[in-house]
Colleague: 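One structure, as structure tokens, below. Some questions next.
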Amino acid sequence: MTSLPLSAARPPLPARAFGLAALLALAYGVVPLIGSSYLFEAILTPFLALSLAGLGLNLLTGYAGLLSLGSAAFMAVGAYAAFNLSLRLPLLPLPVSILLAGLVAALAGLVAGLPALRLRGFYLAVSTLAVQFFVAWALNRFGWFSNDSPSGVINAPRLVVAGLSFEDARGRYLFSLTVVALLTLAAWRLVRSPTGRDLVAIRDNETAARVVGVKVARTKLLAFALSSFVVGVAGVLWAFAYLRTVEPAGFNLDRSFQILFIVIIGGLGTLRGAFLGAGFIVVLPLLLSRLGAALLGDGFDSGTLEMVQRIVLGALIVAVLIREPAGLAALLDRAGRRLARGSA
């Protein structure tokens, strides 16, 4: 895979640290006080879960250059693993269940990444697509995964950590925010470590990376495992904190493509891109729906309004990618540069 466009010059580290601290203060201190249940349940919680899934896929596709179309399968593995751990080991603390579920998803990713040792590009993407179909088949075929539920739909366990309940809409948001913040910090440290540099080296030129001593096979498998771990934890948040159910339909092929679109629109090879892309995919359709209902609600039925919304969203995606193929992160960097030059 050819090297990705470099992002624009970033602000100095103290400025970025101050901006991140302000953002966390807003997310933890202000939003829980003024936010409504609708904001938490319909916007912020799914935004956080999909942002984390995009972050995991970006480690694989954006940093390592390995294309995957099976992200929802690893989300499902994480969600079902966490459910079964909570069900069959009731004394296991929830954070430990989530950590172990992520490790189960990482193991599944390690197995799914074996074809990457021989396949590249779209051939590799097709192999990950096969994983998506296999996981969906297994979850529907073997009732043990869903505790032999006749419908295959099961209620998610309660979100309780150290005796504190996170069952209400605000609590589920804060729980998701904490998990996403911790894993984002871990991913930030990872991409700046020697392992992160090895991932980028493989993405830019696999042959050159092998020549300079990068263990390509091991690094590829590690990329699949790390990505699947993060995506698996995102699946836990999607099922436990957002859907409140664990079911195969919540992790279908459409979800895999949604996560891929998040990464592409937000920007490959940048952690911010996952959050920007998730905002574009999750928040913008809701705004378009409200706007469409206000402008066209009296003259069109709900099906027509939904189709108009999809057309407008698709047109905006095309416009963004034409304007800046490197995604929203690069577009934001360009705007920041222009703003800095204008104020100089």
Side-chain angles (χ1 to χ4, degrees), residues 46 49-62 64 66-85 97-117 119 121-147 149 152-154 156 179 183 220-243 245-264 274 277-278 281:
L50 290 178
S51 294
L52 187 59
L55 184 71
L57 181 59
N58 219 340
L59 291 176
L60 181 67
T61 301
L66 302 171
L67 186 59
S68 172
L69 298 178
S71 299
F74 302 115
M75 290 181 72
V77 170
Y80 274 87
F83 166 75
N84 280 283
L85 286 167
S97 296
I98 294 176
L99 177 62
L100 292 177
L103 292 176
V104 172
L107 180 61
L110 195 64
V111 174
L114 291 175
L117 303 182
L119 302 177
F122 292 109
Y123 299 101
L124 176 60
V126 170
S127 74
T128 60
L129 191 60
V131 174
Q132 174 74 42
F133 294 137
F134 174 78
V135 169
W137 171 81
L139 294 177
N140 285 291
R141 176 67 177 81
F142 300 103
W144 184 87
F145 292 115
S146 57
N147 198 29
S149 171
V153 179
I154 45 183
V179 173
L183 285 182
K220 284 184 176 182
L221 292 178
L222 181 62
F224 267 96
L226 292 172
S227 171
S228 299
F229 176 88
V230 176
V231 173
V233 175
V236 178
L237 296 183
W238 185 256
F240 286 23
Y242 175 53
L243 295 179
T245 61
V246 186
E247 55 181 313
F251 307 101
N252 55 20
L253 184 59
D254 288 345
R255 190 74 57 221
S256 290
F257 281 110
Q258 184 183 37
I259 298 168
L260 181 62
F261 293 156
I262 284 173
V263 171
I264 293 173
I281 293 296

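Numbering of residues begins at 1 and proceeds along the displayed sequence. What's counted below: heavy atoms across the whole structure, side chains too, no hydrogens, waters or symmetry copies.
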Colleague: Which heavy atom of A112 sits nearest to which heavy atom of F74, and what is that distance?
Modeller: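 In terms of heavy atoms, the two residues are closest at CB-CZ, 3.7 Å.
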Colleague: Where is the tightest heavy-atom contact between I259 and M75, given as atom of each residue plus distance?
Modeller: CD1-SD, 3.3 Å
Colleague: Going from CG on L237 to CG on L50, what distance comes out if it is rounded to the nearest 0.5 angstrom?
Modeller: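 Between atom CG of L237 and atom CG of L50 there are 10.0 Å.
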Colleague: Would you give the length of the straight line joining atom CD1 of I281 to atom CZ of F257, rounded to the nearest 0.5 angstrom?
Modeller: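 Between atom CD1 of I281 and atom CZ of F257 there are 13.5 Å.
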Colleague: Measure the CG-CG distance between L222 and L59 for me, rounded to the nearest 0.5 Å.
Modeller: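 Taking CG in L222 and CG in L59, the distance rounds to 10.0 Å.
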Colleague: Rounded to the nearest 0.5 Å, how far apart are CD1 of I98 and CZ of F240?
Modeller: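 If we round to the nearest 0.5 Å, I98:CD1 and F240:CZ are 7.0 Å apart.
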Colleague: Looking at every heavy atom in both S227 and G56, which two are closest together, and how far apart are they?
Modeller: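 Between these two residues, the closest heavy atoms are OG-O, 2.7 Å.
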Colleague: What pair of heavy atoms forms the shortest contact from L67 to L124, and how long is it?
Modeller: O-CG, 3.8 Å
Colleague: Within the distance-only criterion (no hydrogens, no angle test), does the side chain of S71 pair as donor or acceptor with the backbone N or O of S256 below 3.5 angstrom?
Modeller: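 Answer holds: no.
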Colleague: Please test V104 against Y80 for side-chain contact (heavy atoms from CB on, under 4.5 Å), starting from the C-alpha separation and ending with a verdict.
Modeller: CA-CA 10 Å; V104 172; Y80 274 87; over 6 Å; no
Colleague: Got a donor-acceptor contact below 3.5 angstrom from the Q132 side chain to the F251 backbone?
Modeller: yes
Colleague: At what distance, to the nearest 0.5 angstrom, does CZ of F229 lie from CG of L110?
Modeller: 14.0 Å
Colleague: Please round to the nearest 0.5 Å and tell me the distance separating atom CG of L57 and atom CZ of F261.
Modeller: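 Going from the CG atom of L57 to the CZ atom of F261 covers 12.0 Å.
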Colleague: Give me the ring orientation class for Y242 and W238: parallel if the planes are under 30° apart, tilted from 30 to 60°, perpendicular past 60°.
Modeller: tilted
Colleague: Can you tell me if N252 uses its side chain to pair, donor with acceptor, with the backbone of R255 under 3.5 Å?
Modeller: yes
Colleague: Is any side-chain heavy atom of F133 closer than 4.5 Å to one of L253?
Modeller: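 Heavy-atom side-chain distance check passes, below 4.5 Å.
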Colleague: Specify the closest pair of heavy atoms between A82 and A101, including all atoms of both residues, with the distance to one decimal.
Modeller: N-CB, 3.5 Å
Colleague: I need the minimum non-hydrogen distance between L260 and S68, along with the two atoms involved.
Modeller: CD1-O, 4.4 Å
Colleague: Within the side chain of T245, is there an N or O that forms a donor-acceptor pair under 3.5 Å with the backbone of I154?
Modeller: no
Colleague: Do L100 and L103 have side chains that get closer than 4.5 Å, going by heavy atoms?
Modeller: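 Side-chain contact under 4.5 Å: yes.
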Colleague: For the residue pair I262 and N58, establish whether any side-chain heavy-atom pair is separated by less than 4.5 Å.
Modeller: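 No - every pair of side-chain heavy atoms lies 4.5 Å or more apart.
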Colleague: Compare all side-chain heavy atoms of N140 with those of F145 and state whether any distance is below 4.5 angstrom.
Modeller: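 When only atoms from C-beta onward are counted, F145 and N140 do not touch, as no gap falls below 4.5 Å.
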Colleague: So, do S146 and F83 sit near enough that their side-chain heavy atoms are less than 4.5 Å apart?
Modeller: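 S146 vs F83: side chains apart.
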